[in-house]
Every structure is written in C-alpha cells, then in structure tokens.
Amino acid sequence: VIDESDIRAFLGERYAGLVGAVTLACGDATLAEDAVQEAIVRAWERSERDEPIERLDAWVATVALNLTRSGVRRRLAERRARKRLVEDTPVAGPTPDRVDVSRALATLPRRQRDAVVLRYFLELSTTETAEAMGTSEGTVKSQLSKARAHLESALALDTDEEEHHADA
Amino acid sequence: MPTLEEAMRDALRRHTPARDAGEVFDRLADRRRRRALTRKLGTIGLVVVVLGGTVGAFALLGHAFGTEPQPLQASTAGNGALVVSLQTEDGFALYVLPPEKQDLAPAASAVAANRDSMRYLTDAGSEADAEPAVSPDGTTVAFVRHARDLADGQGVLSTIGIDGTRESLVTRAPAQAADPAWSPDGQWIAFGAADEPEGRALYVIRPDGSDLRRVVTSDISSNPQSPAWSPDGSRIVFSGSASVDETADLWLADADGSGVRNLTSTTDVDETDPAWSPDGAWIAYATPDGIAQIPADGGDAQVLVPASGVPSDRLPAQPAWSPDGRYLAFAFGPTEPLPPVVYVLPVGGTTAFPLSQGWEFAWQPIPDGGVAPLPSVEHQLDLGLGYDVCRVSSMPINTNGVRGAAYVFTKRTSNGCPNHGEGLVGVDVDNDLVLDTTYGPLDDCFLRCEAFAAPDVNADGVSEIAVSTEGADGYGVWLFAISANGLTIDPINVEDPQRTGVVLDPLEFAWVDVATHFAGARCGTLDSGQPALIIDAGEKQGADADLRSTSLVLDGTTATIIDNVHRSIPMSEAPVPGHELCGTPLYNSAAAFPESVEPGMG
C-alpha cells in the first residue's frame, strides 16, 4: 500500500521528470501537469483499495498519457491535428537549433509515442515498458525501432548511438 | 549534430519544471479530498449529511414565514419528472428523478433524493451540462453545455429527448448561452447570451436552431438574463439592471422585445431568477431577503421564503413553479461544499422540505389530455453482435448500389452504457439490422462520437464513413473506408508525398475554436477531373483571413495530399464557419434508432 511518505518520496524523485516527459508527449505543460497529478491521486486511491501497482512511475505515466488524450483535453489534440494537416511542408535540412523533439513526437502514432516516453524519457526497461503498455516485448521493440527511425529522420539527427538502445 | 539521445535528454531537461515536492503534495491531497467527497456525496449516506449540514438554515425556512401566500388556481398540466443538474466526479451532468421517486408529502423526515433514485440523462464526461428546461409537451429538455475549462463559461444551447435520445446542438452562436426557457407553445426557446461587441442580450430561437432573433439588447437593460414566459406566451419577464452600476430589477417585455418596463424598480436590492406562475398571476423571484413573489401586473411583493441570517453567497435561488401550480421549488445550498438541494414549498403552506439534490432543475410538464413520455430505460439494441448496444447513431450508406447503414455505438455492459471513448463503428451492408462488420474501439472518441456523414468522396460507388466527435470547443471528424464487398472497415490514412517517411495518423480533421477559426470540407474535383476531398481551414486575422485549402485524393484506405494552397483573403470572402462535410451538416444524424435507418443513398 502506498502511504503518504511514499507519495512524498515519489514526488521528490519522479514528479518533475514525469511532467517533463508527458509535456513532451502532449505538447502542453499545463495539461501535462494536471494529468500527472490526477494520475498520482488515482494511484493513491487505487492503492487504498488494495489494488497494488508494481511500477508506480510507469503506471502514472501511462494513465497521465491517456488523460492528456481525453475529455476537454481533446480540443488541444484537435487543434494540433488540424495544424499538422494544413501546415507548410517543412524546409529540408533542419539545423540543431531547430530540433524540436516535442513536435516530432507529435507526428508519431500514439503507441510509438507512449513507448518512447516510457522507454527513453522514464528509462524503463523494455520489459517494464511492455508491461506498462499491456503488450509484448517484441511489439515494444518494433514500436521503438519505427519511432527511432521516424524521429531521426524528422529531426535529421546522427544515428551513431542507435545501438545503445537497439534493444535487440 | 546531436544524436537522438542527446536531443531527447536536452528536450526533457528543458521541459522538466522546478517543483517543490511539499507544495505538490498539498495540491494532491486537496485533489484527493475533493474526489473522495464528491464520490461520497454521489452515493449512500448523502441525505443525512446534507440535512445535518443545513439544519440551521432549514429551520429558518420552516418556521419564519411571515406572510400568507395566495393559493393558485388549478393548472391544466400535471407534474412529471424532475430534471436536475448534478455534480459528479467528472463534472456536471443532467439526471432525471422520475415522478414515482418524488416524495411530495411534506414531512419532517423528508430527505433529498440522490443519484441512486435517478436516471442519467446526459454524459457526465468532462463538460458541464446545466440549466435544464423542459418543453411544454414534456418531450424535450433544453440545456446549456459548458466547456468546463473555459473561464468565461462558454455555454452552447442544446436539446435532448427526456427519454435520452435525440440529443442535438441548437446553436453555438451567439456565444455564452444561458438560462433557456421554452415558450408555452413550444415553438421558441428564449435564452441569454453574449451580444457583440460586448454585453449580453436576450434571444429567441426555434428549437431546431433556425430563426434566431435578438429581442432585448444591452441598450435597454444592462446584462439582461433569466427570461421566463407568461403562460399565454405574450410576454417575457427577465432580470437586468438599468445601468452597470445599478442593482438588478425585474423587467417585463412583450414577446418580441417591445414595450419594456420595470416591474420592481428597487434601488438597492437585486431581484433575479423570475418565474411566472402557471395561472399567470404571480412572478416568483430571488432576492437577498429570500424567495419572493410579486403580482405579474405590479404591486406589493411578498417574501415567501425568508433568508435572514443566510450568508449572501448561499441564498436560496432559482424559484420554479411545479407545472400543476401546487408547489414552488427553489434551490438552496447553505453549506459549502455539500451539494445544494431542491426544496419544495407547497403553495399556501409555510414549510419547505427537501425533494432532490441538485442546483439547476426543471420540472417536466404532463400536458392535460396529452401523454408526455416518461423517462425510459436507456436505449439498447441488439444488432446481431451477441450483445446489446447503446449510444447508437446511424447514417445511410451505399455499397455498389446496395443500400445499408453505418452505425456508431458502444457495447452495453452490466453497468450500463460506457463512455463514447469505447465507441465502435459498424456497417450493415444490406439494411437487415444485423451488422456485417465492426471496427474499434475508437480511442479518439471521448465526449461524443457519432456517425455523421457517408458521402462517396472518391466516387467509386462505396460510401466513406465520417465519424464526428465533439470536444470542448470544436469538432473533429475521422474518415473510414468500407471495402468494396462491404465486409471490412478501416481508417483512412493520410499520405503526404512531400514528407516522405513521415508517419501520419488516420485522416482526422477538425473544426476548432469556432470564434476565431473557420473550416469546412467539400467534395470537389481536381483540374484533372479526379474527385477530391478539399479541406478549407482558416483563421481570422483582423479584416483578412489566413486560408489553407488541402486537397486529398482517396484510394481505398489511403488519402494522398495532392495540393496545399495557402493564401490570405479578405474576411468577407472567407467560407462561412462550416460544420459540414460535402453538404452534410454536422450532427445531422438522428440518434433515434431505428427511425433513422432511412432509405440509402441513391
């Protein structure tokens, strides 16, 4: 059972990073922080009902990512979708100062985006990422591989360190 | 050139806020407390808590009436269900308290009915549905749907059948709609809303959204609000102040807004929330002194429910007569944060008693000699799937000349109808009321998801299915393709030849921020004569508009962007804010199944 001291410790260690990761995934800091707080409260309540949560950070991240996609929060996604559809074709050859990870993430399919947040931003293992997403390790690896290829292409980045996260 | 890891680390660092864990903990604890309280109030034990909390003020209501109200003549209508706006864990939703659950026998032990006794009428979702008003024939509830995250309370006028079907948007403009009131003949809905360039006005509109008329402008009364009709439909009473620095009075006007005159003319007291008695003789209203009434033709006011000693922000408010004229109900919630309760004062009596939880409420009239529908069990159907479905909307489709229907629905569970978030799309190729294929759940559907249009965009003889979703301040549309044999449905994905390798989500376009943006989609043709879907989306920028037109060609499950034209045009030439696709208005789909299964497209 998660008690008050667990929550306080979690907030000190993981809260800001979670807000940052969810912000990158959804593109809105206010929305992200609201979603992370809501997710932590739900985890807290869940624990009090004797429904254990194995990896609190993974659970909170997954629920928060879902929350950012729901409800009134939808309108933000709608706005982005519309913008994406009508925005000008990007000029080729971005320079480092134009690298925009959040924007590139926004063009990823949802499951790939979730996998990137859990695996790379929250530094979960592939196994933990798969558990959090309710899918298999193989699927996570394939999602991450596609996501990496897309992000590197979209951001015009070096691929030197790819092997570090090849997860093979 | 950074690596992906470096770019991600850098991005995460820049987006990670500095936060004090102690402050965050306090906010979490507060959020948890609010959630727990709301949950508790929504379930058992609530009534006792409410009565305990209100006992002091309740005593005031029960024993301090100093005047004798005048009994009313018998009305020709009966009392049906009570529609109330209730706070839930997710927001405010409309609930219905059926007549058989209304305890109208005054007793010291009376308790306010809670959600357990009610049937749920509109989605709690993440919006607030409030300010219900029931049509004179008892069939339809007008209400205001608020986007909860908008500080200025953007409300839109909507209607829903009292049996839970036929939900529809009446109008989005003018903005900030409030206080709907049906005319006695059911032909009009009066409401207050924003008045350009500033201030508010009273409007009337047909329930189908046509024939909007502004009847009382802010020139006549600053901030006119809360219109109520006289029983004969000839006049409207409303509250408003003569100027911004004066208190609110009650005003009378002819139904067309002419002949405005001040009814109360007090200089230092607000009079608000007028309600015309069914016999036409009295107008009840709220004042800091309590719930009062005044003869409709003017005269001396009487306080019916004194409120001395009640804090000014907790005063009883929103008086409403029961359709049969035997009760005057009002909302009262003296103990924050416990929920307000609808109290009932028998006309001629001196003791009010609690009837139901709720703040904004309306009573369903049962017309004399007529039979108004009573709230039924939730919509449920068997479409040959082995389970009942609910939240059904449908549109006619055409598959190579065979007429069928597309549906959007949710799977009914033992707990009732789930959120639209679990909506599925289904196709019945030949209209035999058995679905031939389904797709879903549609995880992008949240507040509402409906079948909306089924044009044959690419003229290949098979309809595409457009599914509309409603968000807080805009609409989204997803397009799905039906295979040539009608046996599979798949989302249509967008391919942009200019952006090789970019993975795009299924074709989704949206009409957002209707105040500043305009958009529409049309079925057109390219110069080559090829059929295309053209999405016009723009943003108002002063006298000009920034317009982008994206042309897509559909082939199977792929929509390829052919052209993307960006230009500035005078605002006067901008497309009308569009809520339609290829000529089909948004939310044209009739949710009332199976009547909506019309002959397919020719």
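Chain letters run A, B, ... following the sequence lines, proteins first, then strands; residues in each count from 1.
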- Note on the structure: Applying a strict 4.5 Å limit to non-hydrogen atoms, the region of A:Glu13 in contact with chain B is neither
- Message: Nearest 0.5 angstrom please: A:Tyr120 OH to B:Leu12 CG, how far?
- Response: 14.5 Å
- In this structure, OG of A:Ser102 is separated from CE of B:Met8 (nearest 0.5 Å) by 13.0 Å
- Query: Under a 4.5 Å heavy-atom cut-off, does chain B meet the side chain of A:Val116, its backbone, both or neither?
  - Reply: side chain
- Would you sort out whether A:Val19 and B:Arg19 count as a side-chain contact (heavy atoms from CB on, under 4.5 Å), showing the intermediate values? CA-CA 10 Å; A:Val19 172; B:Arg19 287 288 180 270; 5.9 Å; no
- Item | For A:Tyr15, the option from B:Val24, B:Thr16, B:Leu28 that meets side-chain contact (heavy atoms from CB on, under 4.5 Å) | B:Val24
- Message: One thing to verify: whether A:Glu123 and B:Arg9 come together as a salt bridge, which I'm taking to mean a side-chain N less than 4.0 angstrom from a carboxylate O.
- Response: no
- Between A:Arg8 and B:Ala21, what is the shortest heavy-atom contact and its length? O-CB, 4.5 Å
- Query: Of the backbone (N, CA, C, O) and the side chain (C-beta and beyond), which part of A:Phe121 lies under 4.5 Å from a heavy atom of chain B, both, or neither?
  - Reply: both
- Item | From CG (A:Leu11) to CD (B:Glu23), nearest 0.5 Å | 12.0 Å
- A:Ala16 versus B:Pro17, closest heavy-atom pair with distance: CB-O, 3.2 Å
- Message: Just verifying a value: how many Å separate A:Leu24 CG and B:Arg14 CZ, rounded to the nearest 0.5 Å?
- Response: 8.0 Å
